[in-house]
Amino acid sequence: MSIYDTLNPEQKEAMLHTEGPLLILAGAGSGKTRVLIHRIAWMMEQGVSPWNIMAITFTNKAAGEMRQRVNNLVGQGADSVWVATFHSTCVRILRRYIGHLGFDTAFSIYDADDQKTVMKDVCKRLNIDTKIFKERYLLSVISRAKDEMISPLEMEMAAQNDFQKKRVAEAYREYQAQLRRNNALDFDDLIVKTVELFQNCPEILNSYQERFRYLMVDEYQDTNTVQFKLISLLAGKYRNLCVVGDDDQSIYRFRGANIYNILNFEQVFPDAKVIKLEQNYRSTQNILNTANEVIRNNYGRKEKRLWTENEEGRPIGFHLLLNAFEEAEHIIGDISSRVRKGEADYQDHAVLYRTNAQSRLFEEKLIIAGIPYKLIGGVNFYARKEIKDVLAYLKTIDNGKDEVAVRRIINVPKRGIGAATLNRVQDYAGAYGISFYDALLRAEEIPNLGRSGGKIKPFTTLIQNMRSQLKEMSLTELTKALLGETGYIKDLENEGTDEAKGRIENIDELLNKLAAYEETADEPTLSGFLEEVALVADIDSLEESSNYVVLMTLHSAKGLEFPYVYMAGMEEGIFPSYMSLNGDNPEEELEEERRLCYVGITRAKRELMLTAARQRMVRGETMFNAVSRFIREIPEEYLESKKKKEGPAKPVNVPKQAAWIQSKESFRAKPYESQSLTVKKASGLEYGVGDRVRHIKFGEGTVLEITEGKKDYEVKVEFDTAGIKRLFASFAKLRKL
DNA sequence: GGTTGGAAACTTTTT
DNA sequence: GTTTCCAACC
């Protein structure tokens, strides 16, 4: 029996079709990665050199998994197969050839933060009122333009006499000029510049066409126009292009993903073979039926219907809770009882939600219950202030033209160099046509700097020293030396707060990652590390072997599977989101939300539980949302619905916050009978001045003062580690010790 | 030049 | 409700 006998007929057909264009429409859980891996193995068996095979994914995690599985299946030679993400592929190409486009090979990669910094400066230079055009808006327009390969000039032409559009085009042009000056690329540029390179230098394109004779693209439904251009260029010579995707799982349209790449693939490649994979190996029939029923409500999709030989399974659970607190409590309680009964481990559970902001309540309940969990998303590790500071130092050492990095750390830790000084340096740099950092080197020559001029010297000396030691020291040693000389760690230690301690831990973690990079990389370089760091996503940190409950957004969950899946916040205005319902074209946006729902449902292997809350705090406001339309789209036969009885819940069961909300509501309803205070006073506070109390986040402390406000008590507490805080009693959830 | 307090924005999703 | 940003003060 060969390794290929485990594939079903369609999968095998896809595996065997190695020459010419191929579109695999792979439903959720239909084993598409299996097909790709076996396809690679098959090609190698047919004598194709692994060196000529390329597989492109979107996340490092997906790339890593594929690499692993290819290694396991074929062993010998598998290392030569190119498995990488779009972005890292482009970076590798650009590091070699970007000189042809007038950039230096030590270019920096700018993340969203850096982009915003640049854009702020652009707006200042062009006198753009950021009240009218927000930086975020300008950046999103620019990003969309890059996705569609529209240059600043083209945008300007298209603007005609529209003043507003012209302004945006100007901002775009200036933004690009700034990036160029900083020798930096943003994420979109990585792809755009690679396409540009190929278009300008046919001989370079040709060398890569020869190298990558067999191309495979995973999650094809999420590609945008430039990415498609990149793939078409690479596959242009041999046309051995295999794309795998599912139009029903296209959830990144908002970010420029072009769904027509998949819908029109057969028009672009008329000789393309199309294979549908509709047998699902992941979920129960009930889960699949539910997914099918929901996605059926979308128009303009490629018709397919998932089926499975798996058992029917349990019905989908739906619980309507009183509020978000109860929702979190219910879900966490459910998980812990299942684990207690020994039916499953923590790692078998995922809680999915629409927005990152919803994660907090789950975190709190999990902490209280003492359940290990992993939060995906939110603030990226590499986006944290202290990490960005250290990286900015490293970037400055690596790429002196990166002004954003230099400016970030020139006064961190405080060196007494302020805005006025920086402006003078900037003017000087502009007048002499040199980079910002080079101007700093000549600080003594700059007029009007006064005393501040002398403060610059120690900084540049430090950077120059580090640069000269780059060859003698390992990167880890260098970074440690840097932290020592700048006193960065010492400053944090002196702060002594929990927050500062956390920052030090994060920096230690960064040092660990640096050391790990130096051990594993073939040729560790500072540029190499910075690039690896720039391209990681939070999802990459998810390890299957660790036993924890996973919390993440529905978007992050794409491509993953869990035996037990909870989808929380199934309410109109939350999911589908308020933005999609009130956007420019609600129909289309609603379809994307529905696809997102489909993605969520199909993550579940054994059981799927949906929850909603009658009332919920959103941005400090209590919202009363109707149950999501997606719930109504599920036929009742698949659903096991449990709604909490109407009417006030028993006070014992209601958390303090809820009690407060309720009292606030009744206060609003009957303004003349001020009931709210009686509710509060009746329950009172279990602690008084001088008592020892515990707070979830701040730990133990002593109550210094209690003031009675209009609606709530304000408590002043001196925490042992977190210092003095003023808290509202109903929110602080202080416990007497 | 640095600190602090209050206003304003933020919450859709990310390589 | 939380975080970020900016202006007014030190």
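Scope of the values below: all heavy atoms of this structure, side chains included, with no hydrogens, waters or symmetry mates. Small disclaimer: the values here were computed from a predicted structure and weren't measured. Reminder, nothing fancy here: chain letters follow the sequence lines and each chain counts from 1.
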Open item on the list: Which residues pass the side chain to side chain contact (heavy atoms under 4.5 Å, CB included) test with A:Ala405, not counting sequence neighbours?
Closed with: A:Ala392, A:Lys395, A:Thr396, A:Asp402
Task: All side chain to side chain contact (heavy atoms under 4.5 Å, CB included) counterparts of A:Ala62, not counting sequence neighbours - done: A:Thr57, A:Thr59
TODO: Mind calculating the distance between CZ (A:Arg415) and P (B:dG2) to the nearest angstrom?
DONE: 12 Å
- [ ] Indicate, with a heavy-atom threshold strictly under 4.0 Å, whether A:Asp111 touches base, sugar-phosphate, or nothing.
- [x] nothing
Task: Closest to the A:Ala420 side chain, choosing from B:dG1, B:dT15, B:dT14 - done: B:dG1
TODO: For A:Leu190 and B:dT15, give me the distance from atom CG to atom P, rounded to whole Å.
DONE: 13 Å
Atom pairs, protein N/O to nucleotides 6-11 of chain B N/O, distance under 3.5 Å:
| residue | atom | partner | partner atom | Å |
| --- | --- | --- | --- | --- |
| B:dC10 | OP1 | A:Arg136 | NH2 | 3.3 |

Task: Sugar-phosphate only, base, or nothing, as touched by A:Tyr252 at under 4.0 Å among non-hydrogen atoms - done: sugar-phosphate
TODO: Identify whether any heavy atom of A:Lys455 sits under 4.0 Å from a base atom; if not, whether one sits that close to sugar-phosphate; answer base, sugar-phosphate or nothing.
DONE: nothing
TODO: Measure the distance from CG on A:Asn356 to C1' on C:dT2 and round it to the nearest whole Å.
DONE: 14 Å
- [ ] Have a look at A:Thr421 and say if it touches a base, only the backbone sugar-phosphate, or nothing, with a 4.0 Å heavy-atom cut-off.
- [x] sugar-phosphate
Open item on the list: Is the phosphate of B:dG2 approached by A:Asn411 (side-chain N or O, under 4.0 Å from OP1 or OP2)?
Closed with: yes
Open item on the list: Does the Lys NZ or Arg CZ of A:Arg92 fall within the cation-pi geometry relative to A:Trp82 - under 6.0 Å from the ring centre and within 45° of the axis?
Closed with: yes
Task: First of A:Gly416 and A:Ser577 reached from the 5' end of DNA chain B, by closest nucleotide - done: A:Gly416
Task: Partners meeting side chain to side chain contact (heavy atoms under 4.5 Å, CB included) with A:Pro458 (sequence neighbours left out) - done: none
Task: Nearest-nucleotide comparison on DNA chain B, the residue closer to the 5′ end among A:Ile417 and A:Thr553 - done: A:Ile417
Task: Any residue meeting ring pair (Phe, Tyr, Trp, His ring centres under 6.0 Å) with A:Phe86, in chain and number order, not counting sequence neighbours - done: A:Phe58
Open item on the list: Under 4.0 Å, counting only non-hydrogen atoms across every strand here, what does A:Phe58 touch: a base, just sugar-phosphate, or nothing?
Closed with: sugar-phosphate
- [ ] Check whether any side-chain N or O of A:Lys116 sits under 4.0 Å from OP1 or OP2 of C:dT4, and answer yes or no.
- [x] no
Open item on the list: Restricting to side-chain hydrogen bond (donor to acceptor under 3.5 Å, both in side chains), what partner residues turn up for A:Asn298, sequence neighbours left out?
Closed with: A:Arg594
Open item on the list: Using a 6.0 Å distance limit plus a 45 degree cone around the ring axis, check whether A:Arg616 lies over the aromatic ring of A:Phe325.
Closed with: no
Open item on the list: Any non-hydrogen side-chain atom of A:Leu197 less than 4.5 Å from a side-chain atom of A:Ile98?
Closed with: no
- [ ] May I have the distance from A:Gln227 (atom CD) to B:dT14 (atom P), rounded to whole angstrom?
- [x] 16 Å
Task: Spacing of A:Phe187 atom CZ relative to B:dT14 atom P, expressed in whole Å - done: 13 Å
- [ ] Give the nucleotide from the list B:dT15, C:dT2, B:dT13 with an atom nearest to the side chain of A:Arg360.
- [x] C:dT2
Open item on the list: Using the C1' atom as the point on both nucleotides, what is the distance between B:dT11 and C:dC6, in whole Å?
Closed with: 22 Å
Open item on the list: If the cut-off is 4.0 Å, is A:Ser556 near the phosphate of B:dT14, judged by side-chain N/O to OP1 or OP2?
Closed with: yes
TODO: Calculate the interatomic distance between A:Lys120 atom NZ and C:dT4 atom P; express it in whole Å.
DONE: 11 Å
- [ ] Just compare B:dT3, B:dT15, B:dT13 and give me whichever is closest to any side-chain atom of A:Lys414.
- [x] B:dT3
TODO: Would you kindly give the OH-to-P distance between A:Tyr598 and B:dT13, to the nearest whole Å?
DONE: 24 Å
TODO: Can you tell me the distance, in whole Å, between the NZ atom of A:Lys385 and the C1' atom of C:dT3?
DONE: 15 Å
Open item on the list: It should be established whether A:Ser143 places a side-chain nitrogen or oxygen under 4.0 Å from OP1 or OP2 of nucleotide B:dT14.
Closed with: no
